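Just so it is clear, the structure is predicted and the values come from calculations on it, not from any experiment.
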Number of protein chains: 2
Amino acid sequence: MNAPALSPARCGDCPIRHRAVCARCDADELNELDAIKYYRTYEAGQPIIWAGDVMTFVGSVVSGIATLTQTMEDGRTQMVGLLLPSDFVGRPGREGAAYDVAATTDVVMCCFRRKPFEELMERTPHIAHRLLQMTLDELDAAREWMLVLGRKTAREKIASLLSIIARRDASLTRRGATSRMVFDLPLTREAMADYLGLTLETVSRQISALKRDGVIELEGKRHVTVPDMHRLMEEAGDDSDGVFLG
Amino acid sequence: MNAPALSPARCGDCPIRHRAVCARCDADELNELDAIKYYRTYEAGQPIIWAGDVMTFVGSVVSGIATLTQTMEDGRTQMVGLLLPSDFVGRPGREGAAYDVAATTDVVMCCFRRKPFEELMERTPHIAHRLLQMTLDELDAAREWMLVLGRKTAREKIASLLSIIARRDASLTRRGATSRMVFDLPLTREAMADYLGLTLETVSRQISALKRDGVIELEGKRHVTVPDMHRLMEEAGDDSDGVFLG
DNA sequence: CGGGGATTTGACGTCCTTCAATCGACGTGG
DNA sequence: CCACGTCGATTGAAGGACGTCAAATCCCCG
């Protein structure tokens, strides 16, 4: 409803400056990007791109959260990506979109017209390298998620999702990861189900169960407190050894 | 057991020359790669890299088939990648291996010592660009697989795997995709189960069911004939429209 | 011909889905 | 101000798809 925060005028002021595809660009390169970029906002729930559509732009999520989903003919859907600020949308060199992209919260995108961006990338190794890095990170995340989808129980799936959201939230807000964590769920139960390959009923039941067992606490439907991250990560079936917490 | 085919001496003779990470390299760049490359063979069933090990090399699969798998503490495993000839192993910029890599058939790898390769990549956009392309393809494949893992039934999973193997086989042997297809399964039932997030018993049952229903024919345990690819792809739950067959 | 791993098949259990009813929060209109 | 509709979420009951455990069979190879 209310207008999202105004777009940063200059790349120098951009909140995702140091994490996005432009992270390694120097001043000259930023100027080139500036020439082909524009900001665009989407309201929560609105589609950003439909699978199969011609991509007129690629770009970065500046603020808000978007999802990548695939849908089968009979309507079954699977989320295949969760896009947070600084994540990149679109594939250079490809004309059509491969997945549906939708805003789950209000979203601000920093868009680059596709053709100019592709040309710029051809002659700007800083951009290509950064995009490669980001793509490799996404591939790792996708593979992590394949383990979740293929082998974990419903309870472990929920715990895994909560732990990932907590982690990402910590890295975005720069509050850092601690034993006790508090955050808001950016997804509906249905979106969580689509992410996890479950039904929304199962999601709801497992969240209730985790609450009953004291693994999490809830205020309202979306505000989550994790009293003990180690406990949550054990529930997720992950290596509980210090990889994450200090 | 028996020694695999000898390694190609020159990149010019390499069977994966036009598809691998070096696909876009010119003669000079190939010479540089030549200086840091060596061939290595692995027997069927042997590990290539263990997760967590220091990667001393990265490289391309020249022939044979390898798998990428993740394992949980309690032993549950999920395959997260199937490596065919020309596929790349290893992540530039990362010291430790993230996944177990193992040879499922006899495998020949074209290895590059990691540090020199990373340096070479820094100053060789042809390599970086090709690797970006290949990584984006892998990411697409991983996302396709997330739909399979999260939303498809056991029967659809098997049909999906068969259809993918048939397709890849067609593209490798250059026989092209036709309505009737014949190929060998490169995976045990257990490996198929690990790929699909199923048990080997369920894999076996569903293969029997597809045979009973005339979707596939079997000679021995591994040799598969698909009388009608369209039918198989319908069973896989994919868009059956001409995307694939002529 | 014999041994052993891979595969198939059967019986049974269980985790998750399906179908359905209810609840709570919120916004709208009477 | 309150009734009402909507939407997300919770909860229950019943059924089914897949997993588990166990035994038999098939083949590959010595």
Separation of atom [atom1] in [X] from atom [atom2] in [N], rounded to whole Å:
X	N	atom1	atom2	value
B:H223	D:dC27	NE2	P	15 Å
A:L218	D:dT10	CG	C1'	12 Å
B:L149	C:dC16	CG	P	16 Å
A:E219	C:dG24	CD	P	18 Å
B:K152	D:dA17	NZ	P	18 Å
B:I158	C:dT7	CD1	P	12 Å
A:L200	C:dT18	CG	C1'	11 Å
A:L198	D:dA17	CG	C1'	15 Å

> What is the ring orientation for B:W145 with B:Y195, classed by angle as parallel under 30°, tilted 30 to 60°, or perpendicular over 60°?
Replying inline: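 It falls in the tilted class, 30° to 60°.
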>> Tell me whether the side-chain N/O atoms of B:T153 come closer than 4.0 Å to OP1 or OP2 in D:dA17.
In response: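 No, no such contact exists.
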Check if the side chain of [X] and the base of [N] share a donor-acceptor pair of N or O atoms closer than 3.5 Å.
X	N	answer
B:E201	D:dC21	yes
A:R205	D:dG12	yes
B:R212	C:dT9	no

> Is there a donor-acceptor pair closer than 3.5 Å between any side-chain N or O of B:D194 and the backbone N or O of B:M79?
Replying inline: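 Side chain of B:D194 to backbone of B:M79, a donor-acceptor pair under 3.5 Å: no, none is there.
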>> Looking at B:T104 and B:I65, would you say the former's side chain and the latter's main chain have a donor-acceptor pair under 3.5 Å?
In response: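 Flag set: sc B:T104 to bb B:I65 pair under 3.5 Å.
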> Any chance the side chains of B:S208 and B:R212 put a donor and an acceptor closer than 3.5 Å?
Replying inline: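 Result is no, nothing qualifies.
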> Any side-chain donor paired with an acceptor under 3.5 Å for B:T202 and B:T199?
Replying inline: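 Short answer, yes.
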> CD1/A:I216 to CG/A:L162 distance, rounded to the nearest 0.5 angstrom?
Replying inline: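 Between atom CD1 of A:I216 and atom CG of A:L162 there are 5.5 Å.
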> What's the spacing between B:C111 SG and B:M55 CE if we round to 0.5 Å?
Replying inline: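 Answer rounded to 0.5 Å: 9.0 Å.
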Closest to side chain of [X], choosing from [options]:
X	options	value
A:S208	D:dT10, D:dC18, D:dC27	D:dT10
B:T199	D:dT10, D:dT20, D:dC18	D:dT20
B:T202	D:dG19, D:dA9, C:dC16	D:dG19

> What is the nucleic acid contact for B:G197, judged by heavy atoms within less than 4.0 Å: base, sugar-phosphate only, or nothing?
Replying inline: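 Sugar-phosphate only.
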> Under 4.0 angstrom, heavy atoms only, what part of the nucleic acid is B:R222 near: base, sugar-phosphate, or nothing?
Replying inline: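 If one applies the 4.0 Å heavy-atom cut-off, B:R222 turns out to touch the sugar-phosphate alone, with no base involved.
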>> For DNA chain C, which residues of residues 183-196 of chain B approach it to below 4.0 angstrom with any heavy atom?
In response: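 Residues of residues 183-196 of chain B that come under 4.0 Å of DNA chain C are, in numerical order, B:T188, B:R189.
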